[in-house]
*Asks:* 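Starting off with a structure, shown below.
Values reported hereafter were calculated over all heavy atoms of this structure, with side chains retained and with hydrogens, waters and symmetry mates removed. In what follows, every chain begins at residue 1, and chains take the letters A, B, ... in the order their sequences are listed.
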There are 2 protein chains.
Amino acid sequence: MVATERISLKEQQLRLKEAVILQAVNGLLAQKGYDLMTVDQVAAEVGIAKPSLYKLFDSKEALAGAAMVRLLGRALDVVHAQPADAPALLKLRALLRWAVEEQLRGEMPRLPSTRSSLRDALMRNDEYVRRLNELGEALSGWISAAQQAGDLAADLPVELVLFILFARTCDPVVDYLKLGGAFSDAEIVDLLERSTFAGLTGGPLAPLPGGR
Amino acid sequence: MVATERISLKEQQLRLKEAVILQAVNGLLAQKGYDLMTVDQVAAEVGIAKPSLYKLFDSKEALAGAAMVRLLGRALDVVHAQPADAPALLKLRALLRWAVEEQLRGEMPRLPSTRSSLRDALMRNDEYVRRLNELGEALSGWISAAQQAGDLAADLPVELVLFILFARTCDPVVDYLKLGGAFSDAEIVDLLERSTFAGLTGGPLAPLPGGR
DNA sequence: GTCTATACGAGGATAGAC
DNA sequence: GTCTATCCTCGTATAGAC
């Protein structure tokens, strides 16, 4: 049916344009953060005019929200890519490593951490909340499992471990180390992983299987 | 001499007003962060008009800079208050606990972590840079000493430990735990201290002397 | 359905009265 | 030496032409 094919083609073009826009937003959020990112910059980077952006996204907040939904989607992809039978601790470590690598690649969007209008807007974004809950529940399950396996301190609240993992995704330590220039990206990933799980007093972690 | 006393009195009044202003700026920076803090809010909170603020401070950046200089001064006070003969690890732990308590009291200013014009302005603030270096050198000494005493992992770069301690002063985990409401302030301090030094896999830390 | 051109508000900074 | 009233820039958002 020609009509549906046309619609499908338009749909595809639309999705493609949205993807390009969200990629640009993602990069700008990673580079400058929400407050310093301007809609003009997004439009310039994509190569379209500002009003065309506002046809697809209602506001700057909606733009950032869509970028965060995309980020959570990528995180969930990484979660689902973990082998189901792998030890929970290894899955948590792999996720942390991915998050640090994203930061080093400059593809981890930064939001204002303090209470802002953006935070409220995100919490009103159903898809964002849904994915955030899904991610939180998956990680909480892994955390409990790792504790029962004796690989994580069993007397730490699951909540705390979850918050710490989330917080490491925007840890300024990564930027500091990168700016310092004394370490390679691979070394930074290892240092963040080790200091998060073993702390400042513990020794090196057991190497990950697969030789990474 | 009357003239000098008059000048001294004016000086004192000026210092007092500056102190009140900086306290207000400090609170607003802690509550909203630099970008969301407006100069109007500062003026309103102090109870003076905006032009009076601009008589004392050249710009919003200068205002934030002075607040950060004040913060570094308080941090250095805590550093100097540590007994010189105490184990270095205990001094580091005490400083971290102080930083978390400041956050819980809502008195730890938040700056935009990413690259911003403010960061450049701070680096051009001589007094800020001087105090930051002084603090960094004091802590680096403690870190090396703790490593030689076998209380910190000796194979971690001093730089990394220093950055991690700095980063914990604006760790969103504190906010998350506070908002969650499941823990008392004292518990939050303990959890942050433990997770920083022992990580997620390590057991409880040895209690601090003095029964805190 | 994309752009030019503009309205509108917010916030940093200042002139000038008292 | 403090306030009222104002300016100017910038950034979000939109109306209207093509």
*Asks:* Anything under 3.5 Å between a donor and an acceptor, one on a side chain of residues 71-78 of chain A, the other on a protein residue two or more places apart or in another chain? List them.
*Replies:*
residue: A:R74; atom: NH1; partner: A:E102; partner atom: OE1; Å: 2.6
residue: A:R74; atom: NH2; partner: A:E107; partner atom: O; Å: 3.2

*Asks:* Which letters describe nucleotides 12-18 of chain D, given B = protein heavy atom under 4.0 Å from base, S = only from sugar-phosphate, - = neither?
*Replies:* BBBB---
*Asks:* Would you say the side-chain atoms of B:S117 and B:E61 include a donor-acceptor pair closer than 3.5 Å?
*Replies:* yes
*Asks:* Which residues pass the ring-ring contact (aromatic ring centres under 6.0 Å, His included) test with B:F163, sequence neighbours left out?
*Replies:* A:Y176
*Asks:* Do side-chain atoms of B:S116 reach the backbone of B:P112 as a donor and acceptor pair under 3.5 angstrom?
*Replies:* no
*Asks:* B:L53 has an atom CG; how far is it from atom C1' of C:dT14, in whole Å?
*Replies:* 14 Å
*Asks:* Can you tell me how far P of C:dC3 sits from CD1 of A:I48, to the nearest Å?
*Replies:* 7 Å
*Asks:* Does anything in residues 20-33 of chain A come within less than 4.0 Å of DNA chain C? Heavy atoms only, and list the residues if so.
*Replies:* none
*Asks:* Please give, in whole Å, the distance from D:dG1 C1' to B:F57 CZ?
*Replies:* 16 Å
*Asks:* List for me each residue that meets side-chain contact (heavy atoms from CB on, under 4.5 Å) alongside B:E127, sequence neighbours excluded, and say none if there are none.
*Replies:* B:V69, B:N125, B:R130, B:R131
*Asks:* Only counting residues at least two apart or in another chain, list the ones meeting side-chain hydrogen bond (donor to acceptor under 3.5 Å, both in side chains) with B:Q147.
*Replies:* none
*Asks:* I need the CG-P distance between A:L36 and D:dT9, as an integer number of Å.
*Replies:* 20 Å
*Asks:* List the steps, then state whether salt bridge (charged side-chain N to carboxylate O under 4.0 Å, His left out) holds for B:R97 with B:D190.
*Replies:* CA-CA 8 Å; B:R97 293 178 68 90; B:D190 286 339; 3.0 Å; yes
